Protein chains: 2
Amino acid sequence: MRRTMDYGKKVKIILVDDNYEHLLGIKELINIETNFDVIATAANANIAINLVKKYQPDIVLMDINMPEKDGLTAISEMERLNLDTKIIALTGYDDPDLIFRAMKIGAKGYILKTMASAQLIYAIEEIMQGKIYLPSGLSSRFFEYFQKTFKEETNNTTSQENLLQFLTQREEEVLELLTQGVTYKGVAQKLFISETTVKTHVNNIFQKLQVNDRTQAVLYAINNGFMNRKKLKIAI
Amino acid sequence: MRRTMDYGKKVKIILVDDNYEHLLGIKELINIETNFDVIATAANANIAINLVKKYQPDIVLMDINMPEKDGLTAISEMERLNLDTKIIALTGYDDPDLIFRAMKIGAKGYILKTMASAQLIYAIEEIMQGKIYLPSGLSSRFFEYFQKTFKEETNNTTSQENLLQFLTQREEEVLELLTQGVTYKGVAQKLFISETTVKTHVNNIFQKLQVNDRTQAVLYAINNGFMNRKKLKIAI
DNA sequence: TTAAATATCAATCTTAAGGTTTAGACAAAA
DNA sequence: TTTTGTCTAAACCTTAAGATTGATATTTAA
């Protein structure tokens, strides 16, 4: 068994859980560790957010199954404070969608309540070292969900061949400007060509993409991965 | 130490690596395992794809740092075949962007060449059980990158207030049709109102979103989460 | 070396898009 | 009750967008 580490000061922890019994249970559990210190507890998300603002703890252990304001929203709001506080999601369910959303908004870890207490301690230690901790079982579920989501997207785009491949370089440049809402005149100025030339290119683009106007062309481009081919772009 | 498992039949494996020495090394390593069988090897991606089509192996170990067609593209193409073949990316670098892209397109595992041979065997076993395997170090890097990407997105959208909130219900309906590339006439027909009414709505939308034309309005809508507020939408 | 693809531009035309003003009907709130 | 917001609509106008034809220079591949 690995021993808890020493970080100079005690690790300041805030617990958030609407179940009082459970709250006490975790608190005792953590306080066994000599260098962990539960400095505050909260029974709902709004109080928790205020406590985090006030104490700026190292760790927040957040039950994400709470009434009123749900835990995920609370995590979002805490993350938006841009503190050094690291948030660990705590829940009874290993729902991959929940895991995905928690990690998406910035949780540094995700622990099931049914997991052994040793795992919770271990997670805190890992996360205090700047790592992100997902138990391997949950990690696997996360990835399945992650890939499924992407596959659905990919299937939509590759079910029929991607017409973008038929565009010439120049046409791609023009389309890129269209996807930024630039007018004919604007495109002409930016590419140092005449407006009529731009129109010619745009018409060719329409034909190749089998659309009727620029809005549809832009939509086609977006839906078929014209932009951010390398870089990921995510609309929440 | 855990022993290799028995799957009834031998696990059929294809190796892809442009470095012949390394190819042989891995082959010998794997053939030590009595229930693993390297049925073919390839030195470039195109040959690999054909071999996969022909033999439909259980596992493909793919070096993703190859000249000509790169490994990631090859993985994409193999995934598109919709076989039961599980692909493991193999590379010398732990570049988080590479890891992310490999997992995105469907790799079931990602292993560094510098890792111990036992880990490779373990990865294959885990993946053969339907799991996804990322060594914890790489997993951590993946999540950092994942969260960074989302955070940038979130910052972009919440840095200034979302003007979409000022739209009325009717205006939202109109905007939704605009984001589908529908013309004034089309909107009028779909909403059973006159074309001039549509124009009024559209003009109001432009003012509220502070844009000049429908393309910009559509782009604003997409970038600010007008659609898919709940469901995740990913543009590759 | 031809043919094909690409990039450039003009002229002309039609239509869709966008701007502005005004106004009636209706419901909800003050 | 009056005001406010919303939805509806017309009339008028300007400009941007899109379609079509034809033409030239350049590059690339057959």
Side-chain angles (χ1 to χ4, degrees), chain A residues 161-227 229, chain B residues 46 67-69 161-227 229:
Chain A
E161 63 181 337
N162 195 334
L163 299 174
L164 289 170
Q165 65 182 311
F166 299 118
L167 298 184
T168 66
Q169 264 201 315
R170 200 55 161 173
E171 285 162 356
E172 284 188 358
E173 291 177 57
V174 173
L175 180 57
E176 190 177 341
L177 290 171
L178 291 190
T179 61
Q180 293 165 22
V182 183
T183 61
Y184 281 139
K185 195 180 288 182
V187 175
Q189 286 174 353
K190 290 191 185 240
L191 297 184
F192 304 107
I193 55 180
S194 84
E195 208 174 321
T196 51
T197 305
V198 178
K199 288 191 177 187
T200 308
H201 286 312
V202 170
N203 266 291
N204 291 334
I205 292 170
F206 290 167
Q207 284 185 15
K208 290 188 180 178
L209 301 188
Q210 298 168 18
V211 298
N212 302 313
D213 54 57
R214 59 176 57 208
T215 307
Q216 291 175 2
V218 168
L219 289 169
Y220 187 95
I222 291 173
N223 289 329
N224 293 82
F226 176 67
M227 302 165 298
R229 246 183 241 272
Chain B
N46 288 320
E68 298 176 54
K69 178 171 287 185
E161 61 179 339
N162 196 333
L163 299 174
L164 289 169
Q165 64 182 312
F166 299 119
L167 297 183
T168 66
Q169 266 202 314
R170 200 56 160 172
E171 285 161 356
E172 284 187 358
E173 292 177 56
V174 174
L175 180 56
E176 190 176 340
L177 291 172
L178 291 191
T179 61
Q180 292 167 22
V182 184
T183 61
Y184 281 137
K185 195 180 288 183
V187 175
Q189 286 173 354
K190 290 189 183 241
L191 297 184
F192 304 107
I193 54 180
S194 84
E195 208 173 324
T196 52
T197 305
V198 179
K199 289 191 179 187
T200 309
H201 287 312
V202 170
N203 267 290
N204 291 334
I205 292 171
F206 290 169
Q207 283 183 14
K208 289 187 180 178
L209 301 187
Q210 298 168 17
V211 298
N212 302 311
D213 54 57
R214 58 174 61 207
T215 308
Q216 291 176 2
V218 168
L219 290 170
Y220 187 95
I222 291 173
N223 289 329
N224 293 82
F226 178 67
M227 300 163 298
R229 248 183 241 274

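Proteins come first, then strands; the chains are lettered A, B, ... in the order of their sequence lines, and each starts at number 1. Worth saying up front: this structure is predicted, and the values here are computed from it rather than measured.
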Q | With A:Gln180 via side-chain hydrogen bond (donor to acceptor under 3.5 Å, both in side chains) - residues at least two apart | A |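 Applying side-chain hydrogen bond (donor to acceptor under 3.5 Å, both in side chains) to A:Gln180 gives none.
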
**Q.** Contacts of A:Ser194 that satisfy side-chain hydrogen bond (donor to acceptor under 3.5 Å, both in side chains) - sequence neighbours left out
**A.**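 Scan of A:Ser194 (side-chain hydrogen bond (donor to acceptor under 3.5 Å, both in side chains), adjacent residues dropped) gives A:Thr196, A:Thr197.
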
Report the distance from atom [atom1] of [X] to atom [atom2] of [N], rounded to the nearest whole Å.
X        : N      : atom1 : atom2 : result
B:Tyr184 : D:dA16 : OH    : P     : 14 Å
B:His201 : D:dA10 : NE2   : P     : 13 Å
A:Leu175 : D:dA17 : CG    : P     : 15 Å

List the atom pairs, donor and acceptor, that lie under 3.5 Å between side-chain atoms in residues 206-213 of chain A and the rest of the protein, sequence neighbours left out.
unit_1, atom_1, unit_2, atom_2, d
A:Lys208, NZ, A:Phe166, O, 2.9
A:Lys208, NZ, A:Glu171, OE1, 2.9
A:Asp213, OD1, A:Thr215, N, 3.1
A:Asp213, OD1, A:Gln216, N, 3.0

Q) Which pairs count as salt bridge (Lys or Arg N to Asp or Glu O under 4.0 Å) when at least one residue sits in residues 188-202 of chain B, sequence neighbours excluded? A)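 Every pair satisfying salt bridge (Lys or Arg N to Asp or Glu O under 4.0 Å) with a residue in residues 188-202 of chain B: there are none.
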
Q | Non-neighbouring partners of B:Glu173 that pass side-chain contact (heavy atoms from CB on, under 4.5 Å), sequence neighbours left out | A |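 Expected list: B:Arg170, B:Leu191.
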
Q) What is the nucleic acid contact for A:Thr196, judged by heavy atoms within less than 4.0 Å: base, sugar-phosphate only, or nothing? A)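 The residue A:Thr196 makes base contact.
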
(Q) Short of 4.0 Å, heavy atom to strand atom, which residues of residues 187-195 of chain B count as contacting DNA chain C? (A)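 Residues of residues 187-195 of chain B that come under 4.0 Å of DNA chain C do not exist, since none gets that close.
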
N/O to N/O distances under 3.5 Å, protein versus nucleotides 4-6 of chain D:
none

Q: Could you tell me from which nucleotide to which nucleotide of DNA chain C, 5' to 3', there is an atom under 4.0 Å from chain B heavy atoms?
A: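 It runs C:dA17 to C:dT20.
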
Q) Between B:Val174 and B:Asn204, does a side-chain contact (heavy atoms from CB on, under 4.5 Å) hold up when you go through it step by step? A) CA-CA 11 Å; B:Val174 174; B:Asn204 291 334; over 6 Å; no

Please enumerate all protein N or O atoms sitting under 3.5 Å from an N or O of nucleotides 19-22 of chain D, with distances to 0.1 Å.
unit_1, atom_1, unit_2, atom_2, d
D:dA19, OP2, A:Asn203, OD1, 2.4

Q: Note down the inter-axis angle between the two ends of the helix from C:dT1-D:dA30 to C:dA30-D:dT1, five pairs each, to the nearest 10°.
A: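 The angle separating the two end axes equals 50°.
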
